[in-house]
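Notes for the one structure printed next.
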Amino acid sequence: MSLKEALQKKSPYVYLLPEGTVQGQKVPVYFYLSERLLELLEEDAIRQAANAATLPGVVKAIYVMPDVHVGYGFPVGGVMATDTKEGIISPGSIGYDINCGVRLIATSLTADKVYPVREKLMQEILRNVPAGVGSTGKLKLSKKELAEVLVKGARWAVERGFGFEEDLQHIESEGALPGADPSKVSNTAYERGSGELGTVGSGNHFVEIQVVDEIYDEEISETLGLYEGQVTIMVHSGSRGLGHQVCVDYLKVAKDSLAKYGISLPDMQLACMPFSSPEGQSYFGAMKAAANYAFANRQILGYLTADTVRRFFGLSWEDLGYRLIYDLAHNIGKVEKHRVNGKVMELVVHRKGATRAFPPFHGEVPPAYRSIGQPVLIPGDVGRYSFLLVGQERSMEMSFGSACHGAGRLMSRSKAKELVRREGLEKVLEGLVVVAKGKGTIAEEIPQAYKDVSEVVRVVHELGIAKLVARMRPLGTLKG
DNA sequence: ATGTTC
């Protein structure tokens, strides 16, 4: 029997793989899916989530979001929590792109002003915002300067003039995870990171000019200062080569220490170390340093893009109406307190392709958003809508305070490129304004290669994990 | 995702 056949439908959108379904599975796995998304669920993704449920110190349940797909060891869209005392930390369950995340900036511009000049504006953004694999920015940091970035995160960028002090309040963890340890980051990672700060990268990463296209919740939109026809800027990027190298380095450390800690695994890609061990603490310190690099990266990218828009229209910052709505991580590990069987426990929450979605009045929701809940930003893929939701109370019991992160791939990169070869890029993109350094990335990232993100956000909305607030449509997209 | 098969 396949694992998919072992899934039990518990209620609309909730599918359970009971504990003990696979050898050594200590906790159940919950999949949050519509019937259509269930059809797309890969057997290997179910296997990966079940494998993680065998790891030492795993707590309560593994939760899988509707945008699930197979990843390295642990599925993208997966949430796992482990006990800080008895449990492990798993680099593969956080992901290669540490603190890959999203930033949304509001402006006072309206679409009628931007739409007619969108191609010219995007060419200007292409000139000013570095993108592409291995691209480098204007900054070239010494090891000492980079170590400062790794500790200060977004604040470092603000101090260098990339943005404003008040931005920091609207970033998850104020844009700097405490306890980052730059001494645990390898020289190779430093070398890869020294020239890449303030660059977009490749793959599904982008910088986009959008218009607020539909409002689902008037009252919450008003609190956020969002209205139909308003132009927004979205940044989707991460920790670039530096975070990638941290993951590579500590997967090796984890593999090399498995025997020492008596950890046996169903899949070597889940190589991990006890959280409280020296190896676990070194990875956690390095992971937080990489996360802070990503916060600084998005701070710079958001500022550079907004500044380009501002100059293009000849506006002051005040007239542009630059305002950071929120910035969040969707690939990260964090120590958080959660209620498990009526008891508050300190847990290492692994979110891989999953967004934190704390409800109204949670202590980590910024004061301005306290009564509405934490903004949850869901980036669309090329040519697709992006969404803004807010975290809801049920996320705390259903997913350790987490929601989905995006659409998830439907078509392999090679299949996408084949489609572009057959049909031609112009036809496939039908009128979308997409600028890029090279042609290769766009071909792999065409809209047809991704699942429908609207369906994904509908599931978390229906479940009461996060509430739909607004939808944004792209006016122009910068890709790597 | 990624100095994209270091």
Side-chain angles (χ1 to χ4, degrees), chain A residues 45 48 67-78 90-103 130-137 139-141 146 185-207 235-253 255 269 286-287 290-291 293-295 297-298 301 328-333 350-355 379 381-382 405-418 420 436-446 449-450 478-480:
Chain A
Q48 289 185 328
D67 46 342
V68 55
H69 59 97
V70 171
Y72 181 88
F74 190 59
V76 175
S90 155
S93 304
I94 288 167
Y96 274 95
D97 190 4
I98 294 164
N99 190 3
C100 182
V102 189
R103 165 172 297 226
V133 175
S135 60
T136 49
L139 300 162
K140 170 80 183 162
L141 303 181
L146 191 43
V185 173
S186 71
N187 283 328
T188 313
Y190 273 92
E191 281 159 23
R192 291 182 69 175
S194 79
E196 286 186 341
L197 194 64
T199 67
V200 179
S202 183
N204 61 358
H205 289 171
F206 64 78
V207 163
V235 175
H236 181 198
S237 189
S239 51
R240 311 284 287 102
L242 183 141
H244 185 270
Q245 190 63 42
V246 167
C247 185
V248 168
D249 291 341
Y250 283 94
L251 279 169
K252 179 164 170 34
V253 170
K255 282 176 195 162
Q269 294 186 353
M287 189 277 296
Y293 181 94
F295 282 131
N297 191 36
R298 290 194 295 274
L301 288 169
L328 54 78
H330 55 220
N331 275 10
I332 204 158
H350 299 66
R351 295 191 181 94
K352 180 181 182 182
T355 305
D381 302 286
V382 173
H405 89 301
R409 205 168 252 287
L410 191 61
M411 197 184 280
S412 71
R413 288 174 176 204
S414 52
K415 278 213 170 125
K417 280 192 278 198
E418 192 192 306
V420 169
K437 286 287 172 201
K439 283 262 172 52
T441 303
I442 299 186
E444 294 173 353
E445 297 293 318
I446 52 173
Y450 283 88
L478 167 69
K479 297 289 292 181

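We name chains A, B, ... by the order of the sequence lines, and we start the count at 1 in each one.
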Separation of atom [atom1] in [X] from atom [atom2] in [N], rounded to whole Å:
X: A:E444; N: B:dT2; atom1: CD; atom2: C1'; value: 12 Å
X: A:R413; N: B:dT2; atom1: CZ; atom2: P; value: 9 Å
X: A:N297; N: B:dT2; atom1: CG; atom2: P; value: 10 Å
X: A:D97; N: B:dT4; atom1: CG; atom2: C1'; value: 13 Å
X: A:E445; N: B:dT2; atom1: CD; atom2: P; value: 10 Å
X: A:H205; N: B:dT4; atom1: NE2; atom2: P; value: 16 Å
X: A:Y293; N: B:dT2; atom1: OH; atom2: P; value: 11 Å
X: A:Y96; N: B:dC6; atom1: OH; atom2: P; value: 13 Å

A:R409 and side chain to side chain donor-acceptor pair (under 3.5 Å): which partner among A:H69, A:E445, A:E444?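 The residue from A:H69, A:E445, A:E444 that satisfies side chain to side chain donor-acceptor pair (under 3.5 Å) with A:R409 turns out to be A:E445.
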Check for a donor-acceptor pair, side chain of A:Y250 on one end and backbone N or O of A:P91 on the other, with a separation under 3.5 Å. no
Whether the side chain of A:K255 engages the backbone of A:Q269 through a donor-acceptor N/O pair (distance < 3.5 Å, no angle test) should be reported.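 Flag not set: sc A:K255 to bb A:Q269 has no pair under 3.5 Å.
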Closest non-hydrogen atom pair between A:I98 and A:A291, with its separation: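 Answer, listing the atom of A:I98 first, then A:A291: CG2-N, 3.8 Å.
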Looking only at non-hydrogen atoms, find the nearest pair between A:N99 and A:A329 and report the distance. OD1-CB, 3.0 Å
DNA chain B-proximal residues of residues 235-247 of chain A, any heavy atom under 4.0 Å: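 Those residues are A:R240, A:G241, A:H244.
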For DNA chain B, which residues of residues 194-203 of chain A approach it to below 4.0 angstrom with any heavy atom?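 Contacts with DNA chain B under 4.0 Å: A:E196, A:G201, A:S202, A:G203.
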Going by atom types alone, do A:N187 and A:E191 pair a side-chain donor with an acceptor below 3.5 Å?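 Short answer, no.
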Is there side-chain contact between A:S239 and A:H244, with heavy atoms separated by less than 4.5 Å? no
Sorted by chain and residue number, the side chain to side chain donor-acceptor pair (under 3.5 Å) partners of A:N331 (sequence neighbours excluded) come out as none
Would a line drawn from the ring center of A:H236 to the ring center of A:H330 be shorter than 6.0 Å? yes
